[in-house]
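Right, I'll just put the structure down here and ask away after.
Both ligands and their constituent atoms are indexed starting at 1 by order of listing.
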Amino acid sequence: MTDLRVVGGDLLPPESDRRHLLSIADLTGDDVERLLSTAHSFALSQERDTKKLPTLRGRLILNVFYESSTRTSSSFELAAKRLSADTMTLKSTGSSVDKGESLKDTALTLSAYDPDVIVLRHPQAGAAQFVSQVTEARVVNAGDGKHQHPTQALLDLFTIKEAFGRLDGLHVAIVGDVVHSRVARSLVQALRLVGAEAILVGPPALLPTGLAPATHDISAIADADVVYVLRMQKERMLPGANFVPSLREYTERWGITPARVREGQRVMHPGPMNRGVEIDARVADSDASLVVEQVRAGLVVRMAVLYDLLTSGPVAVETTMEVA
Ligand code: NCD
């Protein structure tokens, strides 16, 4: 039997404030610090031969995905399993599923199983918040349209902190299709909470206004510690809309090639990557790349999020979790 001590629970806010994880905007800097520290403890537990912890035994976690997902859905499922919860993943193609009654009916149907947590990915902004209002379960937003993807931002912070040993004062250049990106929206807010800075770089039509300083000049990435590359999210563009002249020109002007990455810089991408478009394969596979580390962080950060939502105050101050 080995003990895993999760520290930092003294920062826990009142339970009423932390029922759901819908947006980074709902978190404080202390919340982020606590979640990253819990994730770090779980990362240590995952280095052992026996990786399963009994912490959430008897709890039910439902993963409901109305949009495609590889990393997010698999890591939530594995996170629940590593914490000994019962888990079920429901997938839908999404195209025929509307907001309003149908989403409400799905939520009510699933609520009949008395889940402790519903993890939801949905193409419409606000879907997770909507479900949180019609279910007793805690809701985790696993991506709602182009609005928010809070667990991605948390796993990105975790990855950056592991790589640089700190977050405060770091500069992150977010490059590409920012306007359609829930990842970028959550990440900019999360970086602000920990004292890091973001700059947005890409074609003018793909840069939102008012989120963070922005430029179309790719040479601006030279000052960044981290180059965070985004996919062209065609599924969120109106049919026929031309945001860039052509993918070839996009790659020429904004693609992350070896020549554009300077010594000491690290490169991140939330996946799925379009190699040869927004990121050159030689960069994706280089030592500068943190892409695999991001996937690994996704597991332990999602374990931390589930743990944090389902355990309260005194339990987390110094919790002993016996390895099953
Ligand atoms: C992102 C998403 O779905 O928002 N991917 C992910 O969760 N790992 C980014 C994307 O689809 O480009």
task = Examine distances only and state if a side-chain atom of D225 and a backbone atom of H171 form a donor-acceptor pair shorter than 3.5 Å.
result =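 Yes, the answer is positive, given that a donor and an acceptor are paired below the 3.5 Å cut-off.
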message = Less than 6.0 angstrom from the centroid, inside 45 degrees of the normal: does R302 satisfy that with respect to the ring of F76?
response =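 Yes.
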query = Can we say R71 and E77 salt-bridge, meaning some charged N sits less than 4.0 Å from an Asp/Glu carboxylate O?
reply =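 No salt bridge links R71 with E77.
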ask   = Quick one: do R166 and D168 make a salt bridge, cutoff under 4.0 Å?
value = no
request  = With sequence neighbours excluded, give me every ring-ring contact (aromatic ring centres under 6.0 Å, His included) pair touching residues 181-234.
outcome  = none
ask   = How far apart are the C-alpha atoms of D285 and R275, what are their side-chain angles, what is the distance that settles it, and do they pass the salt bridge (Lys or Arg N to Asp or Glu O under 4.0 Å) test?
value = CA-CA 10 Å; D285 299 330; R275 288 168 180 255; 2.9 Å; yes
What does the contact table look like for ligand 1 (nitrogen or oxygen on each side, cut-off under 3.5 Å)?
unit_1: ligand 1; atom_1: 3 (O); unit_2: R121; atom_2: NH1; d: 3.3
unit_1: ligand 1; atom_1: 3 (O); unit_2: R121; atom_2: NH2; d: 3.3
unit_1: ligand 1; atom_1: 3 (O); unit_2: R182; atom_2: NH2; d: 2.9
unit_1: ligand 1; atom_1: 4 (O); unit_2: R182; atom_2: NE; d: 2.7
unit_1: ligand 1; atom_1: 4 (O); unit_2: R182; atom_2: NH2; d: 3.3
unit_1: ligand 1; atom_1: 5 (N); unit_2: G271; atom_2: O; d: 2.9
unit_1: ligand 1; atom_1: 7 (O); unit_2: T72; atom_2: OG1; d: 3.1
unit_1: ligand 1; atom_1: 7 (O); unit_2: R121; atom_2: NH2; d: 3.0
unit_1: ligand 1; atom_1: 7 (O); unit_2: H149; atom_2: NE2; d: 2.8
unit_1: ligand 1; atom_1: 8 (N); unit_2: Q152; atom_2: OE1; d: 3.4
unit_1: ligand 1; atom_1: 8 (N); unit_2: P270; atom_2: O; d: 2.9
unit_1: ligand 1; atom_1: 8 (N); unit_2: G271; atom_2: O; d: 3.4
unit_1: ligand 1; atom_1: 11 (O); unit_2: R231; atom_2: NE; d: 3.4
unit_1: ligand 1; atom_1: 11 (O); unit_2: R231; atom_2: NH2; d: 2.8
unit_1: ligand 1; atom_1: 12 (O); unit_2: R231; atom_2: NE; d: 2.7
unit_1: ligand 1; atom_1: 12 (O); unit_2: R231; atom_2: NH2; d: 3.2

